Every structure is written in C-alpha cells, then in structure tokens.
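Nothing here was measured: the structure is a model prediction, and the numbers come from that model. Lettering follows sequence order; numbering is per chain, from 1.
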2 protein chains.
Amino acid sequence: MKRDMKKEVFREFIAREGLKSTRQRDIILDFFLSSKRHMSVEELYRKLRARHPGIGYATVCRTLKLFAQSGIAHEIHFGDGQTRYEHLVEGEHHDHLVCTGCGAIAEFENKTIEDLQKDVADSHGFIIHSHKLELYGLCAKCRK
Amino acid sequence: MKRDMKKEVFREFIAREGLKSTRQRDIILDFFLSSKRHMSVEELYRKLRARHPGIGYATVCRTLKLFAQSGIAHEIHFGDGQTRYEHLVEGEHHDHLVCTGCGAIAEFENKTIEDLQKDVADSHGFIIHSHKLELYGLCAKCRK
DNA sequence: TCCTAATTGAAAATGATAATCAAAATACAT
DNA sequence: ATGTATTTTGATTATCATTTTCAATTAGGA
Ligand SMILES: [Mn+2]
Ligand SMILES: [Mn+2]
Ligand SMILES: [Zn+2]
Ligand SMILES: [Zn+2]
C-alpha cells in the first residue's frame, strides 16, 4: 500500500532521470522502507550489512540521497553530526520532539502552528518552501 | 549598554570557571559583539584576521564555544554544514526566516507559536528545554 | 549478443571542527 | 617586582561523516 506506493514513485523517478534499476537500490529501498524512522546513515548501513555484506557505504549514502531527491524520503539533521533519513509520501509532513536524554523521537503535526508560520512569513514578505520545527527536551520517561 | 552587559556576563563566567582573561578573548569578544549576526566561524575568522592576523583559527573556534557556554551567544546550524553564532542576552529568543535565494536571514518572535509548542510537548509528556524553528523560502527580493 | 552509459565498492579526498603539544601568557603568592 | 603553577595559544595533526575518484562491473536498449 503506502510501501508499494513509495516504491512506485522511486521507480518512476529512476525512469524519468534516465537512471538504472539495480540490485543494490532495490535492496536498500526495501530495507529502508521496513526500517524504523530517523535512522542515521551509519546505523542503517550497519544493519543492512548484516544481511547484505557486499553493499558498500558509498552506495548506501548515494542511494539515500536519491530517495530524498525522488521525494520518498527526507533528510533530517538533529544537530549531532549525523544525517538521518525518514521515508514519507508526497504531501506528508510532521515535526519532531527530540528527547535529549534517551534520544527518543516523537512526531507531531499542528495545523495552527503551520498557519501561524505562514502569517509570520507573509508579514516579512517571505514565501515558505519548507520549515523545520524541533522541540528538544526530556520525554516522559527521562523526566523521571 | 547591551554590549557592556554581555561583556560583563562573560567576564563573570571567566572568573567563575577559573579561566583567564586574555588579549585574544577580549579582541574576539569585541569583534563578535560588533559584527553582524549569524556569521559562520569561517566568515568571522576571515574578517577578524584582517585586523588581527596573529589570532589562530583554533582560538576563534574555542572562544566562540566559550561565548555560547557563558550564555552570551548561541550556536546556530542552518544545515549548510557551517556553525554560526549570534550574540544575545539571557532571556532573549527568536526564530529565523532563511532565504534560500540570497541567504538573507530575518528574525521573528511569536508568542502564540511558542505557547502551542508547549501544548504539543505537554500532550506528549515532554518538557521542552529548547527548540528550533526555521522557515526556509524566498525573501521579498528573491521572489522577484 | 553487443555496446554504451550508468553503477558499484574500495580507497582516497574533502571540509569543518576538535585534539595535541611546546611555547607563551596570565594570575597569584611571595 | 619576581617566581611559579596553571591556562592559553597557534600551528599542526587528527577526527569523522560524507563525497569523490576510478577501474571493474552491470544494466538495458539496439
Ligand atoms: Mn519523523
Ligand atoms: Mn538570529
Ligand atoms: Zn527520553
Ligand atoms: Zn533572498
């Protein structure tokens, strides 16, 4: 369903751009779509390597970038020097709560906030193409 | 006024932490406080070097970090791989509009958004310690 | 199948920041 | 003012994630 939709979107991207469908890209895509969200490249690579030792780190990096370009994934930077990716379909959007204690990540959407962002941008004459809202703090567990 | 207040805060930090007041720290602090906001370390270093060729890059990095620790400055990451700093006094806060066309940065505050962030955090059992809200798009000029 | 262009993986390069370390500077106690 | 322990500096080197390079491999159309 969602999963196959993303695979289809990527397949079309590959075709449109004159790229090639390869064994590695298929494997990485399958693995990525069935993995937990917000994994760092390193983490994803380590886990992937367990099943597919032949796939190189450079290929993983390159392929994740392609996923982002194709629109089925999004690059995330939480400020720890690691690039993370999460898969999402066109039109999906959410922001993040990040626990600085245990690293837990919660997702949220808030239409009112987004509307207010638009107001802010309007009042400055800006057109918003994207935004990033991250709330850093302690999750319920880590508050003790 | 504001400027001397920040210098005073840093002076107290230096004393409290058992650090030493040095010529380099004074020069960098003066330069930083009178520079435009959101400068990258590299940019600040280049401009500083024009007047003070003897000061090393490592010292600039270290000193800016100290400013952040002391509370008179804030580290910013706009996702371009460059660390930026801006000076602000305790209690000051604002978020950013970033023009992806010309790099212009506008600052804004929105109490309603911050309140809604608190609500979101509450509903997830989180306590917020900090947050990052950045709106990316085109400024009035760059929209054409 | 053949051919060409794209892709791969290992290794090297990159780029920003951090660590190292001998020499210099600072803050105190005398 | 002088000595002295400690911190700081700046040049250099290391780090670390990501990107680039490039020869070998692979994909996919003719
Ligand atoms: Mn997410
Ligand atoms: Mn600012
Ligand atoms: Zn937590
Ligand atoms: Zn602009």
Worksheet item: Which residues within residues 33-47 of chain B lie with some heavy atom under 4.0 Å of an atom in DNA chain C?
Response: none
Worksheet entry | Contact residues, residues 76-83 of chain A to DNA chain D [heavy atom, < 4.0 Å] | A/Gly81, A/Gln82, A/Thr83
Worksheet item: Applying salt bridge (charged side-chain N to carboxylate O under 4.0 Å, His left out), which residue pairs with at least one partner in residues 92-105 of chain B are found, sequence neighbours left out?
Response: B/Lys2-B/Glu92
Worksheet entry | salt bridge (Lys or Arg N to Asp or Glu O under 4.0 Å) involving B/Asp30 - partner list, sequence neighbours excluded | B/Arg3, B/Lys7
At a cut-off of 3.5 Å, list every protein nitrogen or oxygen paired with a nitrogen or oxygen from nucleotides 1-4 of chain D, distance to 0.1 Å.
none

Worksheet item: Rounded to whole angstroms, how far apart are NZ on A/Lys65 and P on D/dA17?
Response: 15 Å
Worksheet item: Who pairs with A/Arg62 by salt bridge (Lys or Arg N to Asp or Glu O under 4.0 Å), at least two apart in sequence or on another chain?
Response: none
Worksheet item: Of all residues at least two apart in sequence or in a different chain, which pass the salt bridge (Lys or Arg N to Asp or Glu O under 4.0 Å) check with B/Glu86?
Response: B/Arg37
Worksheet item: Between D/dT9 and B/Arg25, is there an OP1 or OP2 to side-chain N/O distance shorter than 4.0 Å?
Response: yes
Worksheet entry | Rounded distance in Å - CZ (B/Arg49) to P (D/dT9) | 18 Å
Practice prompt. Tell me, please, which residues at least two apart from B/Glu75 pass salt bridge (Lys or Arg N to Asp or Glu O under 4.0 Å).
Written response: B/Lys65
Item to complete: Carefully, step by step, assess A/Leu48 and A/Phe32 under the rule side-chain contact (heavy atoms from CB on, under 4.5 Å).
Response: CA-CA 9 Å; A/Leu48 178 68; A/Phe32 177 58; over 6 Å; no
Worksheet item: Does the side chain of A/His93 reach to within under 4.5 Å of the side chain of A/Glu109, using non-hydrogen atoms?
Response: no
Worksheet entry | Contact nearer the 5' end of DNA chain D, comparing B/Pro53 with A/Tyr57 | B/Pro53
Worksheet entry | Test log, rule side-chain contact (heavy atoms from CB on, under 4.5 Å), inputs A/His94 and A/His96 | CA-CA 7 Å; A/His94 59 255; A/His96 296 108; 3.1 Å; yes
N/O to N/O distances under 3.5 Å, protein versus nucleotides 20-22 of chain D:
residue	atom	partner	partner atom	Å
D/dT21	O4	A/Arg62	NH1	3.3

Practice prompt. Could you list who else is in B/Leu135's hydrophobic cluster, with ILVMFWY side chains joined at under 4.5 Å, directly or through other members?
Written response: A/Leu97, A/Phe108, A/Ile113, A/Leu116, A/Val120, A/Phe126, A/Ile128, A/Leu133, A/Leu135, B/Leu97, B/Phe108, B/Ile113, B/Leu116, B/Val120, B/Phe126, B/Ile128, B/Leu133
Worksheet item: Does a donor on one side chain sit under 3.5 Å from an acceptor on the other, for A/His38 and A/Glu107?
Response: yes
Would you mind writing out the side-chain donor-acceptor pairs for residues 14-21 of chain A within the sub-3.5 Å range, not counting sequence neighbours?
none

Worksheet item: Has the side chain of B/Lys20 got a donor or acceptor that lies under 3.5 Å from a partner of the other kind on the base of D/dT6?
Response: yes
Worksheet entry | B/Asp119 side, atom CG; A/Asn110 side, atom CG - distance, nearest 0.5 Å | 8.0 Å
Worksheet item: Closer to the 5' end of DNA chain C via nearest nucleotide, is it A/Thr63 or B/Arg23?
Response: A/Thr63
Discussion item. I'd like to know if A/Glu42 pairs up with A/Arg46 as an ion pair, taking the criterion as any Lys NZ or Arg NE/NH1/NH2 lying under 4.0 Å from an Asp or Glu carboxylate oxygen.
Written reply: yes
Worksheet, complete the sentence: At a 4.0 Å cut-off to heavy atoms of chain A, the contacted part of DNA chain C spans C/dA5 to C/dA10
